[in-house]
**Student:** 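So that we are looking at the same thing, I have put the structure below in structure tokens.
In this chain, numbering begins with 1 at the start of the sequence shown.
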Amino acid sequence: MCTAATYKTKDFYFGRTLDYEFSYGDEVTVTPRNFCFRFRHMSEVKIHYAMIGMAYVADDYPLYYDAVNEKGLGMAGLNFVGNAKYQDVQAGRENVAQFEFIPWILSQCATVLEARKVLEKMNLVGTPYSEKLPCASLHWMIADKDAAIVVECVEDGLHVYDNPAGVLTNNPPFPVQMFMLNNYMHVSPSQPENHFAKELPLATYSRGMGGLGLPGDLSSASRFAKVAFTKMHAISGESEAESVSQFFHILGSVEQQRGCCEVEPGKYEITIYTSCVNADKGIYYYTTYENHQIQAVDMHRENLDGDTLRRYPLINEEQIRVVN
């Protein structure tokens, strides 16, 4: 289970939670412009846009969960188990394996509009990275400062949807998630008025009652509604610190605590990490389940004309600032 969102103040922000019961060994990974991407069914790409994101690096290949390139285009893959169905390799198409979809888009596209054009020619296939890393069932959000889309490959083909909410979770498919927001039209940040019956002396008895009916469970449909509501009403100043802080609060509204989501006896899904990227400045911020202090990696402090991955293992130990 995962949740991704966009946010905009003076700059554009893109990020996600990764909710799972274990970690593969995630690292903030910078891919410079001259790192050679060897695509399974396409020719290798030696020169491309630089990118930064969270990845599991296998055999010096970045398997990105989420990333943003130097042009400000962001992309994240989220679990879509039971619905994702990839296509067979087809001659004459640009056949892209699901594990290389993020670098395929971010290496060559500067905007969502450019990504749409690439998607028209692409065939998304289920080639696994290796026997030990089988094909993952995913769907994706792609976003820049002006637009967001969702890409889903299902039984009847590849679909690209406009995403006016700028939010993505997991099942059901994205159009159903958007439709179900109709159930929450009455929810408001303002206090409610008595529409039940004017003859009855009904009144609010607590702050926040405009949000009655907003879901609070950890299901993907409920997280979609909760983050969409929180994000659409979030207010912060335009400074970097205020914007980043507010973004973490938005995704914090659906954070998963150990013990609350049992996936099998004795195993619990948790929010392994939460990310927030300033897509305009190329700064990747993150927190982990055990470490609430915000860490940052700036891609522009790296040699972006290099050909070697720059990797930063996550700092997972809690950072407590003692003040006396």
**Student:** Taking atom CG of Leu304 and atom CE of Met299, what is their separation to the nearest 0.5 Å?
**Tutor:**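 Leu304 CG to Met299 CE: 5.0 Å, rounded to 0.5 Å.
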
**Student:** Taking atom types as modelled and ignoring hydrogens, do the side chains of Thr271 and Asp19 form a donor-acceptor contact shorter than 3.5 angstrom?
**Tutor:**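 On atom types as modelled, these side chains qualify, holding a pair under 3.5 Å.
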
**Student:** What I want to find out is whether Lys281 reaches Asp298 closely enough, with some N-O distance under 4.0 Å, to be called a salt bridge.
**Tutor:**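 Salt bridge absent between Lys281 and Asp298.
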
**Student:** Without hydrogens or angle criteria, can the side chains of Ser222 and Asp217 be said to hold a donor-acceptor pair below 3.5 Å?
**Tutor:**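 Judged by distance alone, the side chains do pair up.
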
**Student:** Quick check: does any side chain N or O of Arg33 sit under 3.5 Å from a backbone N or O of Asp307, one acting as donor and the other as acceptor?
**Tutor:**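 Side chain of Arg33 to backbone of Asp307: no pair is present.
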
**Student:** Phe80 and Leu119: same hydrophobic cluster, using ILVMFWY side-chain contacts below 4.5 Å?
**Tutor:**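 No; Leu119 is not reachable from Phe80 via cluster members.
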
**Student:** Between the main-chain N or O of Glu317 and the side-chain N or O of Gln319, is there a donor-acceptor pair closer than 3.5 Å?
**Tutor:**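 Yes; at least one donor-acceptor contact below 3.5 Å.
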
**Student:** Is there a path from Leu18 to Leu218 through hydrophobic residues (I, L, V, M, F, W, Y) whose side chains come within less than 4.5 Å of each other?
**Tutor:**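 No, Leu18 and Leu218 fall in different hydrophobic clusters.
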
**Student:** Would you find a donor on one side and an acceptor on the other, under 3.5 Å apart, between the side chain of Lys8 and the backbone of Lys145?
**Tutor:**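 Checking the backbone N and O of Lys145 against the side chain of Lys8, a donor-acceptor pair under 3.5 Å is found.
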
**Student:** With side chain to side chain contact (heavy atoms under 4.5 Å, CB included) as the criterion, how do Asp88 and Val125 come out once you've worked through the C-alpha distance, each side chain's angles and the decisive distance to 0.1 Å?
**Tutor:** CA-CA 6 Å; Asp88 296 326; Val125 303; over 6 Å; no

**Student:** Indicate yes or no for a side-chain donor-acceptor contact from Glu318 to the backbone of His292 under 3.5 Å, with no hydrogens or angles considered.
**Tutor:**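 Side chain of Glu318 to backbone of His292, a donor-acceptor pair under 3.5 Å: yes, one is there.
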
**Student:** Give the cluster check for Ile102 versus Val118: same hydrophobic cluster or not, with ILVMFWY residues linked at side-chain heavy-atom distances below 4.5 Å.
**Tutor:**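 Same cluster.
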
**Student:** Heavy atoms only: give me the nearest Ala55-Thr29 pair and the separation to one decimal.
**Tutor:**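 Result for this residue pair: CB-OG1, 3.8 Å.
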
**Student:** Count the heavy atoms of every other residue, nucleotide or ligand shown that sit under 6.0 Å from CD1 of Ile235, and state whether that count exceeds 12.
**Tutor:**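 Not more than 12 within 6.0 Å, no.
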
**Student:** Would you check if there is a donor-acceptor pair between the side chains of Glu255 and Thr274 at a distance under 3.5 Å?
**Tutor:**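 There is no such pair (donor and acceptor under 3.5 Å, judged by atom type) between the side chains of Thr274 and Glu255.
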
**Student:** Between Thr288 and Asn291, is any side-chain donor less than 3.5 angstrom from a side-chain acceptor?
**Tutor:**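 Side chains of Thr288 and Asn291: no pair found under 3.5 Å.
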
**Student:** Would you check if there is a donor-acceptor pair between the side chains of Arg223 and Thr3 at a distance under 3.5 Å?
**Tutor:**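 Arg223 and Thr3 do have a side-chain donor-acceptor pair below 3.5 Å.
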
**Student:** Is it the case that the side chains of Asn95 and Asn123 hold a donor-acceptor pair, with the cut-off being a distance below 3.5 Å and no angle test?
**Tutor:**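 Per modelled atom types, Asn123 and Asn95 side chains form a pair under 3.5 Å.
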
**Student:** Taking it one step at a time, do Thr31 and Tyr64 satisfy side chain to side chain donor-acceptor pair (under 3.5 Å)?
**Tutor:** CA-CA 10 Å; Thr31 300; Tyr64 277 114; 2.7 Å; yes

**Student:** Closest approach of Val167 and Met141, non-hydrogen atoms and distance?
**Tutor:**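 In terms of heavy atoms, the two residues are closest at N-SD, 3.9 Å.
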
**Student:** May I ask you to decide if the ring planes of Phe14 and Phe12 are parallel, tilted or perpendicular, using 30° and 60° as cut-offs?
**Tutor:**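 Tilted, since the angle between the ring planes falls between 30° and 60°.
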
**Student:** More than 12 heavy atoms of other residues, nucleotides or ligands under 6.0 Å from CZ of Arg40: is that the case?
**Tutor:**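 Counting neighbours around CZ of Arg40, more than 12 heavy atoms of other residues, nucleotides or ligands fall under 6.0 Å, so yes.
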
**Student:** Between Asn79 and Asn170, do the side chains contain a donor N or O and an acceptor N or O under 3.5 Å apart?
**Tutor:**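 The answer is no; no qualifying pair exists.
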
**Student:** For the residue pair Tyr20 and Tyr24, categorise the inter-ring angle as parallel (less than 30°), tilted (30 to 60°) or perpendicular (more than 60°).
**Tutor:**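 Answer is parallel, since the angle falls under 30°.
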
**Student:** With a 6.0 Å cut-off (strictly less than), is the heavy-atom count around CG of Asp156, excluding the residue itself, greater than 12?
**Tutor:**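 Yes.
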
**Student:** Should the heavy atoms of other residues, nucleotides or ligands under 6.0 Å from CG of Leu202 be counted, would the total exceed 12?
**Tutor:**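 Enclosed.
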
**Student:** I'd like to know if Glu44 pairs up with Arg38 as an ion pair, taking the criterion as any Lys NZ or Arg NE/NH1/NH2 lying under 4.0 Å from an Asp or Glu carboxylate oxygen.
**Tutor:**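 Between Arg38 and Glu44 there is a salt bridge, with a charged N closer than 4.0 Å to a carboxylate O.
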
**Student:** Of all the heavy-atom pairs spanning Ala115 and Ile105, show the shortest one and how long it is.
**Tutor:**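 Taking every non-hydrogen atom into account, CB-CG2, 4.1 Å.
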
**Student:** Please check if any side-chain donor atom of Asn171 sits under 3.5 Å from a side-chain acceptor atom of Asn83, or the reverse.
**Tutor:**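 Per modelled atom types, Asn171 and Asn83 side chains form a pair under 3.5 Å.
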
**Student:** How many angstroms lie between atom OG1 of Thr230 and atom CD of Gln246, to the nearest 0.5 angstrom?
**Tutor:**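 Taking OG1 in Thr230 and CD in Gln246, the distance rounds to 9.5 Å.
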
**Student:** Between Thr9 and Ser243, is there a side-chain donor-acceptor contact under 3.5 Å, judged purely by atom types and distance?
**Tutor:**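 Yes.
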
**Student:** Looking at Glu242, I want to see if its CD is surrounded by more than 12 non-hydrogen atoms of other residues, nucleotides or ligands under 6.0 Å.
**Tutor:**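 Yes, enclosed.
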
**Student:** Taking it one step at a time, do Glu262 and Tyr268 satisfy side chain to side chain contact (heavy atoms under 4.5 Å, CB included)?
**Tutor:** CA-CA 4 Å; Glu262 188 176 47; Tyr268 301 93; 3.5 Å; yes

**Student:** For Phe196, is the CZ atom crowded, meaning more than 12 foreign heavy atoms sit under 6.0 Å from it?
**Tutor:**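 No, not enclosed.
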
**Student:** Would you check if there is a donor-acceptor pair between the side chains of His48 and Gln108 at a distance under 3.5 Å?
**Tutor:**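 Their side chains do not contain a donor-acceptor pair, so the 3.5 Å distance test is not met.
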
**Student:** Can a donor-acceptor pair be found, under 3.5 Å and without considering hydrogens, that links the side chain of Ser188 to the backbone of Ser190?
**Tutor:**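 Here the side-chain-to-backbone pair exists.
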
**Student:** Any idea which heavy atoms bring Val187 and Phe229 closest together, and the distance?
**Tutor:**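 Distance-wise, the nearest heavy atoms are CG1-CE1, 3.4 Å.
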
**Student:** Classify the side-chain pair His186/Asn183 by whether it contains a donor and acceptor separated by less than 3.5 Å.
**Tutor:**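 Asn183 and His186 do not have a side-chain donor-acceptor pair below 3.5 Å.
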
**Student:** Side-chain contact test, heavy atoms from C-beta onward, threshold under 4.5 Å: evaluate it for Ile272 versus Tyr289 and give yes or no.
**Tutor:**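 No, their side chains stay 4.5 Å or more apart.
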
**Student:** Would you please say whether a donor-acceptor pair under 3.5 Å links the side chains of Arg310 and Asn303?
**Tutor:**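 There is no such pair between these side chains.
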
**Student:** I would like to know whether Thr169 and Gln177 meet side chain to side chain donor-acceptor pair (under 3.5 Å); could you show each step before the answer?
**Tutor:** CA-CA 9 Å; Thr169 57; Gln177 295 276 31; 3.1 Å; yes

**Student:** Quick check: His139 with Phe174 (ring centres under 6.0 Å apart)?
**Tutor:**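 Judged by ring-centre distance (under 6.0 Å), Phe174 and His139 do not meet the cut-off.
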
**Student:** Answer yes if the side chains of Ser275 and Tyr65 hold a donor-acceptor pair under 3.5 Å, and no otherwise.
**Tutor:**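 Tyr65 and Ser275 do not have a side-chain donor-acceptor pair below 3.5 Å.
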
**Student:** How long is the straight-line distance from CZ of Phe101 back to CD1 of Ile142, given to the nearest 0.5 Å?
**Tutor:**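 Output value for this atom pair is 4.5 Å.
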
**Student:** Between the side chain of Asn69 and the main-chain N/O of Ala50, is any donor-acceptor distance below 3.5 Å?
**Tutor:**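 It does not hold such a pair.
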
**Student:** Evaluate side chain to side chain contact (heavy atoms under 4.5 Å, CB included) for Leu214 paired with Lys226, printing each intermediate quantity in order.
**Tutor:** CA-CA 7 Å; Leu214 196 64; Lys226 183 67 180 293; 3.5 Å; yes

**Student:** Centroid-to-centroid, Tyr129 to Phe99, below 6.0 Å?
**Tutor:**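 When the ring centroids of Tyr129 and Phe99 are compared, they turn out to be within the sub-6.0 Å range.
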
**Student:** Could you check whether Glu240 and Asn278, counting side-chain N and O atoms only, form a donor-acceptor pair closer than 3.5 Å?
**Tutor:**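 Asn278 vs Glu240: donor-acceptor pair found between side chains.
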
**Student:** Does one side chain, of Tyr273 or Asp66, offer a donor that lies under 3.5 Å from an acceptor on the other?
**Tutor:**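 Yes, because at least one side-chain N or O of Tyr273 sits under 3.5 Å from a partner of the opposite role on Asp66.
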
**Student:** Can you tell me if Ser239 uses its side chain to pair, donor with acceptor, with the backbone of Gly237 under 3.5 Å?
**Tutor:**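 No; zero donor-acceptor contacts below 3.5 Å.
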
**Student:** At their closest point, which heavy atom of Pro62 faces which heavy atom of Phe37, and how far apart are they?
**Tutor:**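 Pro62 and Phe37 have their closest heavy atoms at CG-CE2, 4.0 Å.
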
**Student:** Using the six-membered ring wherever Trp is involved, compare the ring planes of Phe39 and Trp104 and label them parallel, tilted or perpendicular (cut-offs 30° and 60°).
**Tutor:**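 Answer is perpendicular, since the angle exceeds 60°.
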
**Student:** With side chain to side chain donor-acceptor pair (under 3.5 Å) as the test, would you mind laying out the steps for Ser253 and Lys231 before giving the verdict?
**Tutor:** CA-CA 10 Å; Ser253 67; Lys231 173 234 166 135; over 6 Å; no

**Student:** Go through His159 and Val154 one step at a time and tell me if the side chain to side chain contact (heavy atoms under 4.5 Å, CB included) criterion holds.
**Tutor:** CA-CA 8 Å; His159 297 270; Val154 294; 3.6 Å; yes

**Student:** Would you say the side-chain atoms of Lys85 and Ser137 include a donor-acceptor pair closer than 3.5 Å?
**Tutor:**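 No.
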
**Student:** Do you reckon Leu124 sits in the same ILVMFWY cluster as Leu133, going by side-chain contacts under 4.5 Å, direct or chained?
**Tutor:**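 Yes, Leu124 connects to Leu133 through the hydrophobic network.
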
**Student:** Which pair of heavy atoms, one from Tyr86 and one from Cys153, lies closest together, and at what distance?
**Tutor:**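 So the minimum-distance heavy-atom pair works out to CA-SG, 4.0 Å.
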
**Student:** Can a salt bridge be assigned to the pair Glu269 and Arg258 using a cut-off of 4.0 Å between side-chain N and carboxylate O?
**Tutor:**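 The answer is no: the pair does not qualify as a salt bridge.
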
